[in-house]
Structures are given as C-alpha cells and as structure tokens.
Amino acid sequence: MTYAHETRRRRTFAIISHPDAGKTTLTEKLLLFSGAIQIAGSVKARKASRHATSDWMEIEKQRGISVASSVMQMLYREHVINLLDTPGHKDFSEDTYRVLTAVDSALMVIDAANGVEAQTRRLIEVCRQRDTPIITFVNKMDREVRDPLDILDEVERELGMPCVPMTWPVGQGKSFGGIINLRTQAMTVFDSGSERLPQDFETIPITEQGQLAERFGMEWQTAMDSMELATGASPAFDEAAFLAGKQTPVFFGSGVNNFGVMEVLDALVDLAPPPRPRTSSVLVNKQPVVKEIQPEDSAFSGVVFKVQANMDANHRDRIAFVRMASGKYTPGMKLKVQRTAKELRPTSVVTFLSQRREAVDEAYAGDIIGFTTHGGVQLGDTITDGANLLFTGLPFFAPELFMTVILKNPLRTKQLQQGLDQLGEEGAIQVFKPEIGGPMLLGAVGQLQFEVVQHRLKAEYDCDVRLEGCQYTGARWITADTPAELREFTNAYPQRMSLDAAGTLAYLCTSPYDVRLAQERFPKIHFHPLREHAGLALGSAG
C-alpha cells in the first residue's frame, strides 16, 4: 500500500528570521488567509487581551517575543500545510536548529530596513548544511526601507545563493504603491489596514502601462527600471536549483497590512517540496545498515524533535512533537519507542492550531502530531509501528554558560528534581548531574534560557530557585573504544564527570585547555562538542 497521494499534498516548513523582522505577524496572516483563524493577534499589544496565536507561554505574552517553537496546521488549496514558527531570539537557537531538522523547506523573513541580520545568518547556515530550500519574504515595505536592489544584493552575498524576484515593489515607505507579481504579470495596489483580505486589494494587469504610469508617476517608472535590472541580473527560476537550496525566490510585502502574503502562501503550495525521503539506520543481523525511508511507505515511522512540558497547566501533561517520516497514523495504533523498545501508550494524540488541539483521525508523512505522555519519550527518539529503525541528526550543542541551581526551600527537592528532569528532556535547558553529588548544574546556549527556566520552575513546579555562577565554562560528551579506557578516564577525573538528561556521560571543563590536557593524557578518549541522539555521542572530537 502506498500513501503517495496524501504525502504529495503535504508541505512542512519553518519560518525563520532575526527577532522583530515580523515573523510571528506573518505566521498569523498565513493562518488568517488559509482560513485557520478568524482574527490575527497583535504580537506587540502587551496590554491588549489579543496575543498572537503562536505565542502561548506566559513569559512570551509579557515580553512580546517567541521563546518556544509552535506548530500549526492549516488547509489551503487542497494542501495540508504544517507551519513551524521558531523563536527568533538567539538564546533559543537550539530549539530552532532542532525544528529545522523536521521541515522540508524554510520561509525566511527579512526586515526591508535592516536587511540580513546576525541571527538570520546562523539559521541560514543550518539550512545550508541540510540543503533546505528557502523562500524569502522581504517585509515592512510600507516603512522607510533600503533600495530593493540593495537588499537582493545583500541576500545573495550573505546566503551565497542567487535571488529570483517573484514580486517587485512599486515605491516604498509613504509612497509604497504595491507590488508587481511577475508570475501573473499584474500589479496589486497597496492599501494599508490590517483587516483587509487578499480579495479586497485592487489588481491591474501590467499591460495597462498608461493607467499605471499616470497613477503612480515616477514610482512606476523607477520600479520598472529596477525590476528590469533585477530580472536581467537574476537567473530564471529553476525548480531543481531551488529544491537543492541553490536559489531563493523573493517576495516583497507588508505582513502587518496583509499585503503580499497571499503570494507567499501560493508559492508554498506551488514551489515548496512535499515530504522527502529520510535516512535511517536499520538493524540487519544486529548490524546497522543505512536505508532510505520513503514518505509513501506503508509502515509508520517518525522522530521526536521537540518535547514540551505543561502546555496545559491543569493537566501536567507533556507533549512529544513527532515529525512523521512515513506511513499513516490512525488512533489506537501500537507504537514503539526504539531507544527503550517499550510500547508508547499516549493518553491522546493531537494536531495543532497553536494552542488549540484537535484529536487526530489520520496523519501522513510530513505531518506533525503530538503524543500526550507522562514520560518515557526524549528528544531524538524514533517511533515506529514495529520496524527497528533509527533516525539520527537531531543536534544537541555543548553549552557555553553554566549555573548552579540552589533551592530556596529544601522541602521542594522532589518537585525540583521532577521539574529539571522534564525541562531537561524537553531541551529547554541542559541539565547536568555531577557524578559525585552536589547541586545540579544547568547549561545553556544563551542567558535568557536561564531566566525562562527559573520562571517556569516557579510557575509550573512551584519551585523557587536561585541560580549561582560556577567555575565551568564548557562540557564535552565523552566516549571511548573500550569500557576499561572509559573507567580509567572517569577515575582520573571523578569531580568533572556528570550525566545529562539522556544519561550520557559528559566531562565538565573550566577552560579550553582542560580538554586539550585531558586529550593528551588520554588519547583514546573521544571528546564531542555535539551529541546527535540519546545515549549516542557523535561529531568531531575537540
């Protein structure tokens, strides 16, 4: 049996950008235009009761930023679109990197005034490593912005890939007149207002040169000249190059004014790829053999790329977000967690419209489904309906910042343990438990992660904690060729040994020299700055 018809209808993509480029607003508008939500929330309105649908955590509503990735599903033009909104803040880049392993394409949002910014560069690197196809949306064209040719030039330079304009702006800022759609050869006239729907905008074919020139004057002529330059200097759109991550189609618009968004939604259906095959290792006679798993295969398989505790504060539940790689999900299926070989018995299985959840009747490769569990599932776990597959590639980076957790009320030790276990499994923070005892250590990529964890320990587990600095500045996961070598190393550095949330052994260091010296003393020990799967350290030594 093959599910090719269903998998071809799927599009799974992430929205990526630097903070404040308008990513969450664009997410809202895509949901609005596909009919998934009736009213788009404002991200900035902290006092207002309307918060963006994709920002649900209390701290996000207070700060007006996204710190957790959200998942949303919508139906548009007979296609099922799975959209993952990622945190733009650099302190949460790990969560974003993991989300990028679960998508088939990315929508990059660029602020037309600021161009390509630091966080966007880092995310692009991750997309480039995986050859993820990227669609670019240049936002905020109704503000005072840079010249569109300048922006294209910068995108090309920074991304190292040619841009292919799909729409072109006429004017900018106060004189922003609209966009020319190169695919339909028509101009959509700009009219500000966040309540407008795509059908409310006036469209004029560009064959009506006289009417357009009269109406938009110099702006029209300037736009035609710069568009000619841009299209003359750009290659024609090449589907194969785009799918290989070697070319990016570019759209212009204003997300907050619902303008230019429909063209992006259509491009996601027309250009973005359906689910692709995924590489897995399969055990044959107890030996791992690499195999390509096709999305339309009948057997169910998927990867846990995110775990979120306490999405519903009343139920203390945990949701494992699973990106389906193959097969079909139906309620009541028998599923197995490959790492533990245990049966997965979820209390419910849902699809998401951000915080709204709906029970799943069926799901196919490309879909993101949430298993509500009370534990037993970790980031990176492979879930199947029986086959012994193992998907890898979910990255954990060695943290660069460390804090010691001090509990203000010692009677809450059990709650603290539970909170750290769950937040560690979720990947919100990395938790290290020293082998010789003593307080737990938290490791993070960015400072804001500590603040969020402190906030969540108090709000969700009723644990008031103080975070104190400690001497550690890094960690490396360690492996050895033989158990005896590993034992010799751990005996030599007992005070430096700790276990992370997945039970993987890590060496804590106070400076980069520590690793070098330890490596010289024990050349047969491997030090890994990256861990790709529970209990499995991968990556280059160092």
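The backbone N or O of V109 lies less than 3.5 Å from no partner atom in the side chain of N139, so there is not a single donor-acceptor pair. The backbone N or O of I110 sits nowhere less than 3.5 Å from a side-chain atom of S17 that would complete a donor-acceptor pair. Between the K29 side chain and the V256 main chain, a donor and an acceptor come within less than 3.5 Å of each other. Without hydrogens or angle criteria, E156 side chain to C163 main chain gives a donor-acceptor distance under 3.5 Å. Judged purely by atom type and a 3.5 angstrom limit, T504 has no side-chain atom pairing as donor or acceptor with the backbone of D500. Side-chain atoms of D150 do not come within 3.5 Å of backbone N or O of D147 as any donor-acceptor pair. Between the side chain of Q449 and the backbone N or O of G446, at least one donor-acceptor pair lies under 3.5 Å. With hydrogens and angles ignored, the 3.5 Å screen pairs no side-chain donor or acceptor of Q185 with any backbone N or O of N181. No donor-acceptor distance shorter than 3.5 angstrom exists from the side chain of Q247 to the backbone of P235, with no hydrogens or angles considered. Of the possible polar contacts, one joining the Q172 side chain to the V145 backbone as a donor-acceptor pair under 3.5 Å is found.
Here the side chains of S326 and P295 are not in contact, with every heavy-atom distance at 4.5 Å or above. The side-chain heavy atoms of S280 and T382, taken from C-beta on, include no pair separated by under 4.5 Å. The shortest side-chain heavy-atom distance between D381 and V303 does not fall under the 4.5 Å cut-off. In this structure, M72 and T27 have side chains that are in contact, with non-hydrogen atoms separated by less than 4.5 Å. Q378 places none of its side-chain heavy atoms less than 4.5 Å from the side chain of V307. Looking at heavy atoms from C-beta onward, L83 lies in side-chain contact with M74 at the 4.5 angstrom threshold. With a 4.5 Å cut-off on side-chain heavy atoms, L149 and L229 count as touching.
When all heavy atoms are compared, the tightest approach of T7 to P274 is O-CB, 3.7 Å. Of all heavy-atom pairs spanning F201 and N258, the tightest one is CE1-O, 3.5 Å. Heavy atoms only, all atoms of each residue included: P133 and P273 are closest at CG-CG, 4.0 Å. Residues F371 and P346 come closest through the heavy atom pair CD2-CG, 3.5 Å. Of all the heavy atoms in P331 and V360, the pair that sits closest is CG-O, 3.3 Å. Shown here for T248 and I134, the closest heavy-atom pair between the two residues is OG1-O, 2.7 Å.
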Check the pair T167 / R183 against side chain to side chain contact (heavy atoms under 4.5 Å, CB included), numbers first and verdict last. CA-CA 8 Å; T167 64; R183 293 168 84 198; over 6 Å; no

Verdict with reasoning, S301 to T384, per side-chain hydrogen bond (donor to acceptor under 3.5 Å, both in side chains): CA-CA 4 Å; S301 68; T384 72; over 6 Å; no

Does H528 form a side chain to side chain contact (heavy atoms under 4.5 Å, CB included) with L530? I'd like the steps, not just the answer. CA-CA 5 Å; H528 308 277; L530 181 74; 5.8 Å; no

With ring pair (Phe, Tyr, Trp, His ring centres under 6.0 Å) as the test, would you mind laying out the steps for Y364 and Y3 before giving the verdict? CA-CA 8 Å; Y364 298 89; Y3 296 118; 5.5 Å; yes

Just do the side chain to side chain contact (heavy atoms under 4.5 Å, CB included) check on I81 and L75 with the steps written out, would you? CA-CA 6 Å; I81 297 178; L75 196 65; over 6 Å; no

Go through the steps for T372 and S348 under the test side-chain hydrogen bond (donor to acceptor under 3.5 Å, both in side chains), then give the verdict. CA-CA 5 Å; T372 309; S348 70; 2.9 Å; yes

Walk me through whether S254 and D142 qualify under side-chain hydrogen bond (donor to acceptor under 3.5 Å, both in side chains). CA-CA 6 Å; S254 163; D142 55 324; 3.2 Å; yes

After noting the C-alpha distance and the side-chain angles of I135 and M108, does the key distance pass the side chain to side chain contact (heavy atoms under 4.5 Å, CB included) rule? CA-CA 6 Å; I135 293 172; M108 174 172 70; over 6 Å; no

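Classification of the F190-F259 ring pair by plane angle, with boundaries at 30° and 60°, yields perpendicular.
For the residue pair D266 and Y76, a side-chain donor N or O sits within less than 3.5 Å of a side-chain acceptor on the partner. Side-chain polar atoms of W168 and S226 form a donor-acceptor pair below 3.5 angstrom.
Salt-bridge annotation for R10 and D367: present, with a side-chain N of the basic residue lying under 4.0 Å from a carboxylate O of the acidic one. Here D111 does not pair with R143 in a salt bridge; the nearest charged N to carboxylate O distance is not below 4.0 Å. Salt-bridge check for D238 with K246: failed, with every basic side-chain N at 4.0 Å or more from each acidic carboxylate O. Salt-bridge check for R146 with E154: passed, with a basic side-chain N closer than 4.0 Å to an acidic carboxylate O. With salt bridges taken as basic N to acidic carboxylate O contacts below 4.0 Å, one links K328 and E362.
Here F252 contributes atom CZ and M166 contributes atom CE; the two are 12.5 Å apart, rounded to the nearest 0.5 Å. The distance from atom CG of D385 to atom CG of L335, rounded to the nearest 0.5 Å, is 6.5 Å. Interatomic distance, CG of L152 versus CZ of R157, reported as 11.5 Å (0.5 Å rounding). Rounded to the nearest 0.5 Å, atoms CD1 (I15) and CG (L107) are 5.0 Å apart.
Atom CD of E78 has 12 or fewer neighbouring heavy atoms from other residues, nucleotides or ligands inside a 6.0 Å radius. Counting non-hydrogen atoms of neighbouring residues, nucleotides and ligands closer than 6.0 angstrom, the NZ atom of K336 exceeds 12 such neighbours. The environment of CZ in R77 is crowded: more than 12 heavy-atom neighbours from other residues, nucleotides or ligands sit within 6.0 Å.
Here the options are R276, R323, R130, R278, the test is salt bridge (Lys or Arg N to Asp or Glu O under 4.0 Å), and the partner is D104; only R323 passes. Looking at L379, L100, L84 one by one, the single match for side-chain contact (heavy atoms from CB on, under 4.5 Å) with F305 turns out to be L84. Put simply, the residue from V264, D270, L271 that forms a side-chain contact (heavy atoms from CB on, under 4.5 Å) with P249 is L271.
Judged by the 6.0 Å distance and 45° axis criteria, K306 is positioned over the aromatic ring of F321.
In this structure F300 satisfies the ring-ring contact (aromatic ring centres under 6.0 Å, His included) test with no other residue, sequence neighbours excluded.
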